[in-house]
Amino acid sequence: MKLSTSFLALALALPAAWAAVPLYGQCGGTGFGGETVCVSGATCVVQNSWYHQCIPTTAAPTTAAPTTTAAPTTTAAPTTTVTTPTAPSASGFVYTSGTKFMLDGQKFTVVGSNSYWVGLSGLSDADMNKAFSDIAAAGGTTVRTWGFNEVTSNNGLPYYQSWSGSTPTVNTGASGLQNFDRVIRAAKANGIRLIVALTNNWSDYGGMDVYVRQILGANQPHDAFYTNTNVKNAFKNYIKQFVGRYVNETGILGWELANEPRCKGSSGSTSASCSPQTVTNWANEISAYIKTLDSNHLVALGDEGFYNLPGNPSYPHQGTEGIDFDVNLQISTLDFGTVHSYPNHWGQDGNELKWGTDWIIDHAKSQDRAGKPVILEEFGVTSNQPAVYTQWLNNVVSSGLAGDLIWQAGSRLSGGATHNDGYAVYPDGNVYPVIKSHAAALKARA
Ligand SMILES: *[C@@H]1O[C@H](CO)[C@@H](O)[C@H](O)[C@H]1NC(C)=O
Ligand SMILES: *[C@@H]1O[C@H](CO)[C@@H](O)[C@H](O)[C@H]1NC(C)=O
């Protein structure tokens, strides 16, 4: 966490504390010229050579083991909130009005980042806090993360559901939902709300294929996830326990049915019958189910925004992956739409700028037709990032698209830099200033 002007303003408002570094503030490191004494109750801990941080004196700074006595999230407000410079007063739930997100009667700007790893890497509270404070320092209000990890054997990292044969068991312990409680607390302490995906099309962290394999056996089609009654019931049971725990939690912005649902999968095959209608039917059923459990939170599909225009020369427009963006956006129990942009994965090498611009404008038109917000919730190129992102993000602002989350957040934590898949954006990198000025522009947009 850099000393920001808002921190200085807070310090001036609280003269008794102004000489000391607040809890979780930076207190040293290479090139750091600020105050090095932590507030009472905190100790300056070397996280790495360039980042020393004020950590609660009672907290174990380097061990990942979460406390087993974690308080339930609904009693939330951590005592650290007042010392966190970016925290807004968080009351109420985010809702939609036409194509806008709203909070407590005001426009709420969805801007920020993806961090699948913040809850799944065994991070300490201090590292979770650093991850969110890096995003908040760039103006982020929202982080999308994974609310799933399906395991058949325990590898020591957090997981939320384990499988023994066809029987799943939700992990409510310190390495399970109590770990997710800590993710929410760290996000809230930095004024950040979470969009939480409940399963994965991809096999990373288990996902759909684990349900299909454990319940139906090997070599079943990926899309049985969308159609088999026993599989759907197992997913609903997971949702009941996960979503049910956080019904009253304002730190959650919304739920997503899945990360990037598609007909095709890596294990097994795809049924010839899987079509956009298959995923639409499933999205209808599951989103309606979530609404019966939780009327406080928004719900989205979590898809890539593919159109269903058979014969279109552009692959993401052809409908071949089993998604019809415009039709899904009509589902009454889906509150907002999501679109991803990876032109290099989608046959658009060399055409990233123009293709991405058109893709954003197309989805802004879909948004306006449906009268629901649409967010660019993942995007990435691996070269020329500052120029490409500057143009795309300007397109978001000018097209009226509701918001955006970059793929993906990067931080330098006690164990070193978080995983870089070629897209990670670190606070000392050349993309960070782009997303920071964009967040300010999007917040300023009428
Ligand atoms: C869906 O996820 C699987 C992993 O289970 C992946 O192999 C597949 O490519 C994904 N679908 C598509 C078409 O991307
Ligand atoms: C949420 O709040 C309602 C109303 O106060 C209460 O009845 C319900 O038990 C709460 N649910 C959870 C999961 O805390």
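All values below were derived from every heavy atom in this structure, side-chain atoms included, with hydrogens, water molecules and symmetry-related copies excluded.
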Quiz prompt | For N351, all residues meeting side chain to side chain donor-acceptor pair (under 3.5 Å), sequence neighbours excluded | solution = Q348
Quiz item: Shortest non-hydrogen contact from G254 to H297?
Solution: CA-CB, 4.4 Å
Quiz prompt | P316: which of W346, Y307, F325 passes side chain to side chain contact (heavy atoms under 4.5 Å, CB included) | solution = W346
Quiz item: Under 3.5 Å, side chain of Y211 to main-chain N/O of G206, donor-acceptor pair present?
Solution: no
Quiz prompt | Polar side-chain atom of Q318 near backbone of N312 as donor-acceptor pair, under 3.5 Å | solution = yes
Exercise. Carefully, step by step, assess Y160 and Y238 under the rule ring-ring contact (aromatic ring centres under 6.0 Å, His included).
Key: CA-CA 9 Å; Y160 301 125; Y238 179 70; 7.7 Å; no
Quiz item: Taking Y226 for the side chain and C274 for the main chain, is one N or O donor matched with an acceptor at less than 3.5 Å?
Solution: no
Exercise. On the 0 to 90° scale, with breaks at 30° and 60°, tag the Y342-H340 ring pair as parallel, tilted or perpendicular.
Key: perpendicular
Exercise. May I ask you to decide if E321's main-chain N or O and R262's side chain share a donor-acceptor pair within less than 3.5 Å?
Key: no
Quiz item: Where the side chain of D223 meets the backbone of S271, is there a donor-acceptor pair that is under 3.5 Å apart?
Solution: yes
Practice problem: For K232, look at atom NZ and say whether over 12 heavy atoms of other residues, nucleotides or ligands are found less than 6.0 Å away. | Solution: yes
Practice problem: Determine yes or no for a side-chain-to-main-chain donor-acceptor pair under 3.5 angstrom, with H317 supplying the side chain and P313 the backbone. | Solution: no
Quiz item: Pick from Y95, F336, F108: which one makes a ring-ring contact (aromatic ring centres under 6.0 Å, His included) with F101?
Solution: F336
Practice problem: Identify the heavy atoms of F148 and L198 that sit nearest to each other, and give their distance. | Solution: CB-O, 3.4 Å
Quiz item: Got a sec: does the NZ of K291 have more than 12 other heavy atoms crowding it under 6.0 Å?
Solution: yes
Self-check item: Side chains of S366 and D326, donor plus acceptor under 3.5 Å
Solution: yes
Quiz prompt | Pairs involving residues 393-405, ordered by first then second residue, that meet side-chain hydrogen bond (donor to acceptor under 3.5 Å, both in side chains) (sequence neighbours left out) | solution = T357-N395, D404-H438
Quiz prompt | side-chain hydrogen bond (donor to acceptor under 3.5 Å, both in side chains) contacts touching residues 107-116 (sequence neighbours left out) | solution = N114-R144
Quiz prompt | Side-chain heavy atoms of N179 within contact of Y159, under 4.5 Å | solution = no
Practice problem: Look at the side chain of N384 and the backbone N and O of V388, then say whether any donor-acceptor pair between them is shorter than 3.5 Å. | Solution: no
Quiz item: Is atom NZ of K236 surrounded by more than 12 heavy atoms (other residues, nucleotides or ligands) closer than 6.0 Å?
Solution: yes
Quiz item: Do NZ/NE/NH1/NH2 and the carboxylate oxygens of K130 and D134 come within less than 4.0 Å?
Solution: yes
Exercise. Go through Y315 and H345 one step at a time and tell me if the ring-ring contact (aromatic ring centres under 6.0 Å, His included) criterion holds.
Key: CA-CA 10 Å; Y315 151 73; H345 295 172; over 10 Å; no
Practice problem: Would you check if the side chain of W355 reaches a backbone N or O of N344 as a donor-acceptor pair within less than 3.5 Å? | Solution: no
Quiz item: Between Q367 and V374, is there a donor-acceptor pair closer than 3.5 Å when you use the side chain of the first and the backbone of the second?
Solution: yes
Exercise. Say whether, by atom type as modelled, one donor and one acceptor occur between the side chain of N430 and the main chain of P386 under 3.5 angstrom.
Key: no
Quiz item: Going through the distances and angles, do E378 and E260 end up as a side chain to side chain contact (heavy atoms under 4.5 Å, CB included)?
Solution: CA-CA 10 Å; E378 285 191 22; E260 302 187 338; 3.4 Å; yes
Quiz prompt | Spacing of T199 atom OG1 and L257 atom CG [to the nearest 0.5 Å] | solution = 10.0 Å
